[in-house]
> 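This structure is in structure tokens; I'll ask about it shortly.
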Amino acid sequence: MVIRVKLFAAMREFTGSDSLDIALPPGATVAQLRRQLATQWPQTQALLMRSAIAVNHDFANNDQVLQATDEVAVIPPVSGG
Amino acid sequence: MVIRVKLFAAMREFTGSDSLDIALPPGATVAQLRRQLATQWPQTQALLMRSAIAVNHDFANNDQVLQATDEVAVIPPVSGG
Amino acid sequence: MFRLIREPIDYFTLTEAVRSPRCGAVVLFLGTVRELTGQQVTVFLDYEAYAPMAEKKLAEIEAEVRRRWPIGDMALVHRLGRLAVGEVSVAVAVSCPHRHEAFAAGQFAIDTLKELVPIWKKEIAPDGHGEWVHQSVSTCAPRSPAEEQR
Amino acid sequence: MFRLIREPIDYFTLTEAVRSPRCGAVVLFLGTVRELTGQQVTVFLDYEAYAPMAEKKLAEIEAEVRRRWPIGDMALVHRLGRLAVGEVSVAVAVSCPHRHEAFAAGQFAIDTLKELVPIWKKEIAPDGHGEWVHQSVSTCAPRSPAEEQR
């Protein structure tokens, strides 16, 4: 399956894109998505380590299983306010 | 000496006056003023027990010695805000 | 800045006045006249102050707040006279570099004002009957200064 | 009520909107753009949000605040886009029957907003250089949600 991952702030600037399409095996978890992102986009690795992954607008644990229809985003440490 | 004592809120309404002149011996303390007030104006007694005495715009202890020139007031429990 | 006034409190102007480019946080507290105090229905509150002492205590509170927290600027304003339900009786505005300081400073200022400043309110019920509030009914209220000195 | 907006925050209207005759206390918090963050001089901040998630988190914060405290009404508004030094980036307004509830609710709301809502700011220095703030420099700031999940 292909997961479209939304990117924001420095994560977007590191890749030059506001989303990335990441190919993953069916039943892949958030942890696998993280590894795949870090492999394909090494420049995001340090920030990715400090970022959360959101699935359908909620923070997701690393063992959460992804569906092809999920809305997925990388959430760097937030700095609103 | 005669101390003019300012009264506010229910204390003023109990006496019908915004100040009382209380005769005290020279060197009298706040405690003596309290006793004299309670004796002369028994209707103020219950509220006086729960009130502070201010001398020159500060809360005074019962053993503070009064001067004829002091500005003295009875401060019922405050309810501003 | 501290003040006793008889006109409505313009808290927008107060808040603008305490803002500062060095301060990332502003906290404003408004005390407003409630319809209900315990079981009692209130239609008006009459506020009275021992003005020179109240102003001295407000100045002391401002000095203490500035001593304890890195205040950009602050305003303490209490209204006197007759207030209808919903009107603002007191406003405290503070600015600080960071938000936790601003909250702590604002809360200390209003708590201390309610404890130490000689201002009294009389609750006027719908039947016109008035009663001075000399015993706080709020479960949150601190002891009165009179109780502390006994 | 919660909202992400691109226009200046009209906090006076927000504050008036949360007032209620059943509530004797209103607390307003304003976050404003500071000139200095640590040693860094800032001239602008660019705020960006993951809007649908940010709105979901704001709704969750409002629900949690209403569950914990007897809120009359409340408003959470965050501004997005480019803000100059001194401008208001976020406003939280709450009304409660008593003041300690209003302070606690307001502080919880802004603390949780800064911890959970996906909004990011880029600091633009006088030389035009911009840097995303992904590690809070405030000594008061809570851990980011990312850190909590590791």
Side-chain angles (χ1 to χ4, degrees), chain C residues 10-16 18-38 41-43 45 72 84-111 113-114 136-142, chain D residues 10-16 18-38 41-43 45 72 84-111 113-114 136-142:
Chain C
D10 176 359
Y11 67 81
F12 176 70
T13 300
L14 292 179
T15 308
E16 288 297 296
V18 304
R19 286 174 55 184
S20 147
R22 296 294 174 118
C23 288
V26 176
V27 167
L28 170 70
F29 171 81
L30 300 179
T32 62
V33 177
R34 280 202 300 155
E35 206 167 42
L36 285 166
T37 305
V41 175
T42 300
V43 286
L45 288 182
V85 168
E87 288 196 90
V88 176
S89 54
V90 63
V92 174
V94 297
S95 63
C96 282
H98 299 288
R99 71 185 185 282
H100 290 133
E101 302 157 347
F103 275 105
Q107 189 152 8
F108 175 86
I110 184 63
D111 285 354
L113 183 154
K114 289 183 77 101
S136 178
V137 293
S138 162
T139 52
C140 302
Chain D
D10 176 0
Y11 68 81
F12 176 69
T13 300
L14 292 179
T15 308
E16 287 298 296
V18 304
R19 287 174 55 184
S20 148
R22 295 294 172 118
C23 288
V26 176
V27 166
L28 170 71
F29 171 80
L30 300 178
T32 61
V33 178
R34 280 202 300 155
E35 206 166 39
L36 283 167
T37 305
V41 175
T42 299
V43 287
L45 287 181
V85 167
E87 288 197 270
V88 176
S89 54
V90 62
V92 174
V94 297
S95 64
C96 281
H98 299 288
R99 72 187 183 282
H100 290 133
E101 302 158 348
F103 275 105
Q107 189 152 8
F108 174 86
I110 183 63
D111 285 354
L113 183 154
K114 289 183 77 100
S136 179
V137 293
S138 162
T139 52
C140 302

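Just so we're on the same page: letters track the sequence lines, and every chain starts at 1. Below, all heavy atoms of this structure are taken into account, side chains as well, without hydrogens, waters or symmetry copies. For clarity, every value in this text was computed on a predicted model and none was experimentally measured.
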> Do the ring planes of D:Phe103 and C:Phe103 sit parallel (below 30°), tilted (30 to 60°) or perpendicular (above 60°)?
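Taking C:Phe103 first and then D:Phe103, their aromatic rings stand perpendicular (interplane angle over 60°).
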
> Taking all heavy atoms of D:Arg22 and all of C:Arg34, pick out the closest pair and write down the distance.
O-CD, 3.5 Å

> Is chain C contacted by the side chain of D:Ser95, its backbone, both, or neither, given a heavy-atom distance below 4.5 Å?
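Neither part.
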
> Does a side-chain heavy-atom distance below 4.5 Å link C:Gln107 with D:Val27?
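With C-beta onward as the side chain, the pair stays apart.
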
> What's the spacing between C:Asp10 CG and D:Phe12 CZ if we round to 0.5 Å?
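Here the rounded value is 7.0 Å.
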
> Can you tell which part of C:Val33 gets under 4.5 Å to a heavy atom of chain D, answering side chain, backbone, both or neither?
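Backbone only.
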
> Please classify the contact of C:Ser89 with chain D as side chain, backbone, both or neither, using a heavy-atom distance under 4.5 Å.
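Nothing of C:Ser89, per the 4.5 Å heavy-atom cut-off to chain D.
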
> Can you give me the closest heavy-atom contact between C:Cys23 and D:Thr32, atom names plus distance?
O-OG1, 2.8 Å

> Measure the shortest side-chain to side-chain distance between C:Asp111 and D:Arg99 over non-hydrogen atoms and say whether it is less than 4.5 angstrom.
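In short, these two side chains touch, coming nearer than 4.5 Å.
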
> So for D:Val92, is it side chain, backbone, both, or neither that comes closer than 4.5 Å to the heavy atoms of chain C?
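Looking at D:Val92, nothing touches chain C.
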
> Sort C:Val90 into side chain, backbone, both or neither according to what part of it lies under 4.5 angstrom from a heavy atom of chain D.
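Neither part.
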
